[in-house]
Amino acid sequence: MKKEFLGLVKRKQEVLSVCILWTMVVLAIGLMAGCGTEKAAENSSSQSTAKTIIVGTGNAYEPYCYLDADGNLVGYEYEVLKAVNELLPQYKFKYQIYDFSNVLLSLDAGKIDIGAHQYERNDERERKYLFGKESYTTYTTYITVSTANSSINSLDDLQGKRVMTSTGNNTSYLLEKYNASHADNPIILVYVDHSTDEEKSAGLKNGIWDATVMTKRDTAKLNRAFGNGQDILKQVGQPIATSQTYFVFSKKNTELQEAVDGAIKQLKESGRLAEISREVLGDDYTERE
Amino acid sequence: MIEIKDVQKSFNGQSVLKKVSLQVEDGDVVAVLGPSGSGKTTFLRCINFLEHADAGELSIGPKTVDLNRASKREILAVRRKTAFVFQNYNLFNNKTVLENIMEGLVTARKVPVKAAREKAEESLVWVGLKEKRDAYPAQLSGGQQQRVGIARAVVLEPEVILFDEPTSAMDPELVGETLEVIRKVAHRGITMIIVTHEMSFAREIANKVVFMDGGVVVEEGTPEEIFGHPKEERTKKFLSRFINAESMYYI
Amino acid sequence: MNGVGEFFSWSRFVDDIPRLLPYLPVTLGIVAYAIILGVFLGMVIALLRIHGQWFFQPFLRLYISFMRGTPMLVQILIVFYGLPIVLQALGIEANRWDKIVFVYIAFALNEGAFLSEIFRSSILSVPTGQMEAALSVGLTRWQAYRRIVLPQAIRIALPSFGTDFIALFHGTSLAFLIGVVDIMGRAKTLGASTKHALEAYLFIALLFIVASALLRLLFHFLDRKLSYT
Amino acid sequence: MEFNAVYFWESLQSGLTYLPRTMELTGIPILCGFVFGILFAVVRVYKVSFFSPLIAVFVVIYQGLPTVVALLIFNLMFMANFNAVSSSLSLGITAAQIDNIWIGIVVLSLQAICNIEEAFRGAFYSVDNGQHAAALSVGLTEVQTLRRIILPQMLPVALPMVTNNIVGIIKNSSIVVAIGITEVLAGASIPASKTYSFLESYIAAALIYWVLTACVEYTFRRIELRGRKYRRQLA
């Protein structure tokens with residue numbers, strides 16, 4: 001018995017080392033395959049003449065780009081791009097989700113072909129990226145404060161106050177520009193890159209931040225979720241920015257940009273874009289607010 | 001026949017072995033004596049390439065290797081013809097007694113596991129540790145560990161077994177059982193080179209005694225010659241100190 | 001208006017569980033890749049550190065020092081954006097690889113550095129007599145390593161390896177910061193779609209606490225089981 | 001995408017201006033860690049009833065919690081509940097008056113306390129039992145024994161682990177970007193929000209952390225060597 005056992009132990013050691021070896025081989029192959037899939041997909045689709053386009057979008061910005069209860073990517077950006085892709089059979093859109101601060105960076109790095117995360121134009125961005133010519137949403141932002149706050153009514157009232165924003169977004173850009181010309185008493189910008197909606201509403205309600213800047217529909221969303229039937233946030237003053245959002249491309253990719261623009265134009269003319277907006281966002285935000 | 005010629009070795013510029021040579025006939029039991037620091041352990045380790053000699057030659061049978069410029073294959077070949085018994089036993093801590101003895105047979109000599117196990121078990125009976133076959137080294141006394149160490153060397157059936165002060169790390173009451181086993185090895189007619197401080201044991205078991213001091217062989221001869229009529233002054237001085245100490249020990 | 005009622009409810013907590021658990025394999029995948037590749041890399045580096053030529057040493061030391069001295073988060077980001085540039089120079093187009101591949105690589109590189117130090121010190125703490133004895137019975141150096149020295153070194157490394165393993169497991173929760181949807185990332189996206197992240201975070205906290213405690217137990221058990229003294 | 005030295009330099013400068021914040025985020029936790037960590041270790045070694053198991057449970061739970069998760073939970077709890085708690089205790093402070101760096105400091109402090117407690121407890125057990133008995137036998141009190149015999153012997157054992165912990169705390173402090181505290185990492189990425197040169201920012205941040213941790217390791221190695229020399233002289 002004992003002898004058998006010893007033999008078994010020896011064999012077991014060997015079996016173990018063989019197992020380890022194979023696990024490593026399999027993992028290595030898996031890794032290669034993981035790296036290779038995108039390429040492989042590209043190759044096979046180029047045979048069927050549809051070029052794979054990687055779209056980079058966010059995963060936590062409801063209702064534009066987020067994951068539903070089952071973990072699938074859904075939202076306005078996705079629906080619009082799906083409709084665009086239907087009009088452009090020469091392309092096949094694939095989606096990669098990123099944290100907001102990493103989308104444009106990934107475009108820069110060549111990891112993606114289209115950035116879709118409610119991007120507005122500004123000079124700095126246009127210097128580096130190619131913006132679409134056709135907008136697909138209007139994006140009018142207002143100063144947003146707690147309903148209990150009555151002292152803030154305009155941009156100038158924000159001087160010396162704490163305003164929550166995140167790195168790389170257009171609000172930060174505008175407020176930084178404002179600060180550059182009001183260096184004596186600047187707005188205190190608090191950059192929070194990974195905030196959840198809970199943090200936003202709790203932070204504003206409890207005075208962690210005095211204000212932030214967002215669209216009417218985003219404010220309404222937070223009030224619905226956390227207000228228990230009452231409004232906890234309100235918007236004040238004139239719009240901070242009235243702008244449109246565009247898809248973003250890398251500088252040299254004019255061909256893709258023109259194709260997508262053409263498709264958006266078609267969607268606008270056919271009324272399909274407005275329809276998507278009403279379905280997903282609750283109203284038509286494609287032309288004006 | 002084993003012949004070691006002109007081994008030289010220095011550590012950090014300090015010469016430890018200065019042209020040491022030794023001839024060992026088949027079946028010889030050679031005892032290497034000498035004060036600590038005389039280079040006897042280093043000499044033994046050079047033979048097994050555990051220490052890299054600066055110069056020297058080693059012949060085992062017809063084959064001769066340069067101790068300084070031996071290739072990897074030559075070193076391995078020498079090691080497979082020799083076995084080593086360590087001062088601090090050096091049993092494989094992660095292996096049982098039986099596995100310790102089988103390791104060299106199975107892995108180095110490619111003996112089939114079944115045959116190796118039979119041989120190992122036989123050797124365990126022989127050193128009187130049959131019941132400890134599945135124990136780990138940490139569970140054994142020093143004397144028992146050294147007996148396993150000897151069994152591990154003997155099963156390899158080497159041309160020569162090198163003993164490096166096999167009993168000097170042991171409690172005194174365990175020395176006897178270990179020497180008994182070494183005696184049994186000697187009676188088997190296996191060639192051995194033993195570095196030891198056990199004078200009376202060396203006198204009893206060896207047919208050739210080498211006295212080393214300061215990195216050179218001072219004197220060599222039969223036990224009667226060295227112990228009975230030492231010629232060199234250094235040998236006399238060394239032996240007198242030891243014989244006195246040993247006889248006192250036996251009182 | 002009570003703050004707690006507004007932000008925490010047990011029913012949402014329960015609802016979140018089935019939505020989070022399917023993403024646990026993503027987290028475990030990162031751990032698996034990091035550990036297996038890390039053990040391999042760590043072993044190679046440890047052996048190179050002990051036996052390698054002198055000119056390797058400064059590079060290896062620099063590598064280990066960087067991996068040990070900079071935040072994991074920064075390392076993930078640098079691998080994510082920097083590695084494709086390095087690979088491009090070698091003619092490999094890595095930009096379109098899946099995000100998760102970069103996470104695997106980042107964690108494996110980091111693990112490799114940490115494990116190499118653990119392995120190195122445990123290999124060095126195996127008495128030299130063990131190697132000598134193995135050589136004396138005729139084993140080759142490689143055989144001696146594989147059969148005598150490494151098994152003992154692994155045994156010595158086990159407790160530190162356990163601590164490191166738990167730290168790695170915790171570290172994976174950073175992958176969501178580049179948008180990888182592991183269990184942490186899922187909690188964040190759940191927060192976005194349901195407007196309530198607290199319940200999901202608490203569940204993850206609970207999961208990590210229980211898993212860490214189990215891992216500790218497992219390593220404690222292994223430590224006793226593998227003891228040969 | 002290529003490496004731009006000018007952007008890198010900008011990021012490095014911007015990151016360095018936030019170095020004091022990182023110092024604050026690591027210095028206070030390390031201080032707390034030493035004070036309470038050693039205290040808690042003593043409580044556990046001497047098995048003080050009630051407190052000892054309490055600390056044991058706390059350590060297991062808190063060490064099981066990844067830093068990010070702890071930060072997110074603490075932050076949310078703070079934002080949602082601080083005002084209610086404050087007014088019920090009539091502290092007269094609102095959440096707005098408290099810099100959120102304190103959330104980071106609290107989270108990291110608790111972690112430092114747990115880690116340093118574990119390191120010191122391990123070191124306590126490494127001191128030979130005979131030392132304790134011998135000290136008592138020559139008439140030292142329990143406190144004298146601890147202060148004059150046990151602590152000096154365990155410090156060299158604890159030091160390498162404590163060094164590791166301190167390096168860990170410095171590195172972990174970067175995770176506070178998850179709740180919007182601006183320190184070295186976030187500071188270094190501020191220029192990038194305009195220029196989108198994040199890679200340069202991250203490398204700049206890595207460099208600052210690297211130098212910082214290397215300094216810590218160097219200092220502690222010197223202390224360690226000195227301690228060892230002292231021990232050898234004694235022996």
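The sequence lines fix the lettering, A, B, ..., with proteins before strands; numbering per chain opens at 1.
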D:L185 versus chain C, the contacting section by heavy-atom distance below 4.5 Å
side chain

By a 4.5 Å heavy-atom criterion (distance strictly below it), what part of C:F176 contacts chain D: side chain, backbone, both, or neither?
side chain

Counting heavy-atom pairs under 4.5 Å with chain D, which one of C:A205, C:S65, C:A187, C:S212 comes out on top?
C:S65

For D:N172, which atoms come within 4.5 Å of any heavy atom of chain C: side chain, backbone, both, or neither?
neither

Could you look at C:R68 and say if it's the side chain, the backbone, both or neither that has a heavy atom under 4.5 Å from chain D?
both

Step through the shown structure and confirm whether more than 12 heavy atoms of other residues, nucleotides or ligands are within 6.0 Å of OH on D:Y218.
no

Please classify the contact between D:A214 and chain C as side chain, backbone, both or neither, with a heavy-atom cut-off of under 4.5 Å.
neither

Need one label for D:V211: side chain, backbone, both or neither, based on atoms under 4.5 Å from any heavy atom in chain C.
neither

Pick one of side chain, backbone, both or neither for C:L215, based on which atoms fall under 4.5 Å of a heavy atom in chain D.
neither

Contacting moiety of C:I78, where chain D heavy atoms sit under 4.5 Å
both

Output yes when a side-chain donor or acceptor of C:T70 lies under 3.5 Å from a complementary backbone atom of D:A206, and no otherwise.
no

Ring-plane angle category for D:W210 and C:F66, please: parallel below 30°, perpendicular beyond 60°, tilted otherwise.
perpendicular

Heavy-atom contact with chain D under 4.5 Å, split by part of C:M184
side chain

What part of D:M79 gets closer than 4.5 Å to chain C, counting heavy atoms only: side chain, backbone, both or neither?
neither

